[in-house]
Amino acid sequence: VGIMSPFNWKITEAFPPINAHQTNCHYTGRCFDFSVQSPNFSSSEFCTRLKFISRGAVSRGFNLVAIEGLPTNSCSTGPDIIPQGLAEGVLRKAYVTSTVFHIHIQ
């Protein structure tokens, strides 16, 4: 409820991992990924919540938040912009067609 709703965020990968990963932390239980089933990338509310969640994770002691699979034109203009360096420890990774949108927290 609250900042997470109405987008129905859910954990998509944790420990042990279901899929192969480039980062070792999924194999050691030190990170997790989460996403939303049908993200509305053009929604300013979505971008606002994404920023809040990302900054919140870093402020609570996580070392890295990587926003992966976010289309390049999403959350990139106006007051809800999510730049490459949103905050210390928050990265916006380049959109890759094989990467489904998710947030990686480590």
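Both backbone and side-chain heavy atoms feed into the values below; hydrogens, waters and symmetry mates do not. Numbers here are sequence positions counted from 1.
- For the atom pair CZ of Phe15 and CD1 of Ile18, the computed distance is 12.5 Å after rounding to the nearest 0.5 Å.
- Taking hydrophobic clusters as Ile, Leu, Val, Met, Phe, Trp and Tyr residues chained together by side-chain heavy-atom distances below 4.5 Å, Ile11 shares a cluster with Ile67.
- Taking SG of Cys31 as the start and CD of Gln106 as the end, the distance is 5.5 Å to the nearest 0.5 Å.
- Annotation: ring pair (Phe, Tyr, Trp, His ring centres under 6.0 Å) contacts of His26 (sequence neighbours excluded): His21, His104.
- Proximity of a side-chain donor or acceptor of Arg60 to a complementary backbone N or O of Gly56 within less than 3.5 Å is detected.
- Ser59 meets the side chain to side chain donor-acceptor pair (under 3.5 Å) test with no other residue; sequence neighbours excluded.
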Legend entry - Chi angles and distances behind the side chain to side chain contact (heavy atoms under 4.5 Å, CB included) call for Leu50, Leu70: CA-CA 11 Å; Leu50 185 55; Leu70 186 64; 4.1 Å; yes
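- Phe62 is linked by a side-chain contact (heavy atoms from CB on, under 4.5 Å) to Phe32, Ala57, Ile105, counting only residues two or more places apart in sequence or in another chain.
- With sequence neighbours left out, the side chain to side chain donor-acceptor pair (under 3.5 Å) criterion links Asn19 to Glu13.
- Of the N and O atoms on the side chains of Ser42 and Asn40, at least one donor lies less than 3.5 Å from an acceptor on the other residue.
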Inset, instruction - Decide side chain to side chain contact (heavy atoms under 4.5 Å, CB included) for Ile103 and Val65; before the verdict, give the C-alpha distance in whole Å, the side-chain angles of both, and the deciding distance to 0.1 Å. - result: CA-CA 7 Å; Ile103 300 173; Val65 176; 3.6 Å; yes
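- The ring pair (Phe, Tyr, Trp, His ring centres under 6.0 Å) test applied to Phe41 returns Phe46, Phe101, not counting sequence neighbours.
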